[in-house]
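All heavy atoms count here, side chains included; hydrogens, waters and symmetry mates do not. Throughout, a chain's letter reflects where its sequence line sits, starting with A, and its residues are numbered from 1.
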Protein chains: 4
Amino acid sequence: MARTVGSSGPKTAEAIRAAGIRLIYEHGFEAMSLRQLAAEVGLQPGSLYKYFDTKQDLLFDIVREHLEDLLAKIADALDGIVDPVARLAAFAAFHLRYHMTLKSNVYIANMELRSLEPDNRAIIVAMRKRYEAILIDILREGQAAGALHAAEPRVAAFAILAMLTGICNWYRADGPMTQDELVTLHVDLVLGGVGAKRQAVHKAG
Amino acid sequence: MARTVGSSGPKTAEAIRAAGIRLIYEHGFEAMSLRQLAAEVGLQPGSLYKYFDTKQDLLFDIVREHLEDLLAKIADALDGIVDPVARLAAFAAFHLRYHMTLKSNVYIANMELRSLEPDNRAIIVAMRKRYEAILIDILREGQAAGALHAAEPRVAAFAILAMLTGICNWYRADGPMTQDELVTLHVDLVLGGVGAKRQAVHKAG
Amino acid sequence: MARTVGSSGPKTAEAIRAAGIRLIYEHGFEAMSLRQLAAEVGLQPGSLYKYFDTKQDLLFDIVREHLEDLLAKIADALDGIVDPVARLAAFAAFHLRYHMTLKSNVYIANMELRSLEPDNRAIIVAMRKRYEAILIDILREGQAAGALHAAEPRVAAFAILAMLTGICNWYRADGPMTQDELVTLHVDLVLGGVGAKRQAVHKAG
Amino acid sequence: MARTVGSSGPKTAEAIRAAGIRLIYEHGFEAMSLRQLAAEVGLQPGSLYKYFDTKQDLLFDIVREHLEDLLAKIADALDGIVDPVARLAAFAAFHLRYHMTLKSNVYIANMELRSLEPDNRAIIVAMRKRYEAILIDILREGQAAGALHAAEPRVAAFAILAMLTGICNWYRADGPMTQDELVTLHVDLVLGGVGAKRQAVHKAG
DNA sequence: TATGAATGAGGCTTCATTCAT
DNA sequence: AATGAATGAAGCCTCATTCAT
């Protein structure tokens, strides 16, 4: 994948971002060199600095934009759903679809937290907590309403998130199961795990 | 100048291993430098090469020994248990305890697969598959016996493993919940997820 | 801090090549460090890698270009000469002049064969064989024509080449004998050695 | 070629010497490491220092002993021969046989002059000059006696030595020509080169 | 907007050598 | 006579980054 000859301005910026995501996903942030990235986009290494100030900034931007997107879309996905079990099912379905679709972005955000400088990491961790809090709240409400069992909603939320996120480790678009089948399977695991009766339909993510 | 008196072979080897695990856990394999590692152990960087041939070998040894240990211990943990649901519970309990106790080793084995050279990675992946296969078999038998629902045992196993392994991301020995409480909570999530009736006692891991 | 103003690309490349030849000639390839080379050219060691990929490549390029040059020029030097003895004299004269003029390059090509990696060495050895073959053919033709004695042209060629090349070991441009005198002396040795009657004039190399 | 278990004292010293010669011959002095040498002899690297003080000393000893041997044996080879042409033939024959037999030692002495420290090099160069002087004297006497042409005996001697020494570059004991055939061939080249009539028999070296 | 030359720090690794045991 | 642990210097090489053009 080489140079987009004559690429200019915004197109180059987007190409850098895309190549950056791919390379970080494949090799890890530390292992990816700006030389590689530049080669991928058809630039000299030094030229990248028109588009970011620091390798660290590139990572931070990718991760932050991912989390902003995630937070915006989960809000949409839950909008208008009130029943706690339905909300739980909708959360799980959304999370799965998002993670199957944007596997690389998600993977990076999870794996490369470690590579973020303390200040940047703090910002990202705070955003992640806002996302987790959404699930924790759903569990808490469901427990309060007697619709499911989650005596420790925080721990249960972590467990559920880990399970759903795990799909990034092996999902392939060309695998034997469809996204819908995988969603159904996992939503059942989640609802069963907290003793909720499956019912409502989940909106698409 | 020769050796700093008081240092000795096997003790140094063990110190290097321990420091290696800690540093890889904290910074990642790529980000850890042998200078750091040497400083941590009180050696010159070059002196490390009495104890391994290559930075890559250090990683491979850590990961391989972890998986050998894991495979040996899960066999013990399941030994003598026949009922599929009991086996599932025992598997989950063992996995959790092991991952809470040897968090760093586990974390490294999961995160740094990427940093292993192809040949080494193949060996490790094969060992991991043997471990996964144990859980898949349990689910398959349970399904066959009508004791639980796992129409797709492979996918269910991945989901369960991701959930249980996730505990490494946040568990602290000095946290508010005991290991036993966490085990109970997670085993319930697992059994509930596959629609199994909780029953048997789980052997300690 | 960026570049030291006043330095420029091709000039630097040529300076590196020249310094490389000198240092390898003086210290040997293994003994020459890239630190030395960089210092000689006024660069940081890492900066050398704009100009070659590998220390080995630097050596290979030097040796290969030397042999390409040698092969091109011997063809010129023999062009149009048909009499075998005249060709032998022309070959010897050319070889001597070339070796006196480009002593370092020649010396490196002979001494550092050992330092070339197998693949590179094979390429160079093949080129050398083409050069040797020219002399062998001359001797063979002379023998066939009854103009000289060379029952074993291959061995004789090696002996002659060794003798002529030996001049690199001690020749100094400021020594007591001129190049012309040395050429005459050696050509006599060669022709006498194979029992040929001196005759033709040798074209300058 | 590994450890001579239980080898002690003088036997070890000789093994080190032999392995040293082989390794320097194969890889060059700079490229040979004391680790290699130690492994070859079945010792730890540090243990070599019972047998020499310095890597440099090892080289110097090898080269010096070679030259001492050479000087002693050429004296024997010429002993009792008075006719200059006969002496020249004897010298050439001796030189060739010695170089075919002790190829590695000779090669090292020629190639690794460069690796000797200045003081050591000066000593060796002086010994070499004594050897060269023998040939120069023979040529001078032959010229004075009108038995051969060598207007510049020093230069002629260098040329002859280079030719004869060149045999190290390609001679193989299992090659198609015998030592005797090669000696004859080269002696003819030498005598022919200086216009001497072949006559006397050459003593074996 | 991009290049091309360069920096300086630091990466992993190997080396000759030392010395207590 | 030999080991085994260690040193300290240096090896080749790669990196993120800078900046004149």
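- Taking for each of C:P10 and B:G46 the nucleotide of DNA chain E with the nearest heavy atom, the 5'-most of the two is the partner of C:P10.
- Of all the heavy atoms in D:V41 and D:A19, the pair that sits closest is CG2-CB, 3.9 Å.
- When distances are taken from the side chain of D:T54 to each of E:dT17, E:dT13, F:dA6, the shortest belongs to E:dT17.
- The interatomic distance linking D:R35 (CZ) with E:dT17 (C1') rounds to 10 Å, in whole Å.
- Residues C:I24 and C:F29 approach most closely at CG2-N, 3.8 Å, considering heavy atoms.
- Comparing A:E30 and C:K55 by the nucleotide of DNA chain F that holds the closest heavy atom to each, the one mapping nearer the 5' end is C:K55.
- When distances are taken from the side chain of B:Y49 to each of E:dT17, E:dC12, F:dA6, the shortest belongs to E:dC12.
- Tested against A:E40, the residues A:R35, A:R22, A:R17 include a single salt bridge (charged side-chain N to carboxylate O under 4.0 Å, His left out) partner, A:R22.
- To the nearest angstrom, P of F:dC13 lies 8 Å from CZ of C:F52.
- Between D:Y51 and F:dA1 there is no side-chain polar atom (N or O) within less than 4.0 angstrom of OP1 or OP2.
- Between C:S33 and F:dA10 there is no side-chain N or O to OP1 or OP2 distance below 4.0 Å.
- Rounded to an integer number of Å, the gap from CE of B:M32 to C1' of E:dG10 is 15 Å.
- The interatomic distance linking B:K50 (NZ) with F:dT3 (P) rounds to 11 Å, in whole Å.
- Scanning both residues, C:C168 and C:Y107, for their nearest heavy atoms gives CB-CD1, 4.4 Å.
- Nucleotide F:dA10 has E:dT13 as its partner under the Watson-Crick or G-U criteria, with both atom distances under 3.5 Å.
- Between the CD1 atom of D:I16 and the P atom of E:dA16 there is a distance of 14 Å, given to the nearest Å.
- A salt bridge between B:E112 and A:R114 is present, with a side-chain N of the basic residue lying under 4.0 Å from a carboxylate O of the acidic one.
- Pairing partner, F:dA1: none, since no Watson-Crick or wobble contact has both distances short of 3.5 Å.
- One atom, CD of C:Q44, and another, C1' of E:dT7, lie 6 Å apart when rounded to the nearest Å.
- Here the P atom of nucleotide E:dG4 and the CG atom of C:L43 are 17 Å apart, to the nearest Å.
- Residue-level contact check: C:S47 touches the bases, meaning some heavy atom is under 4.0 Å from a base atom.
- Rounded to whole Å, atom P of E:dC15 lies 13 Å from atom CG of D:L48.
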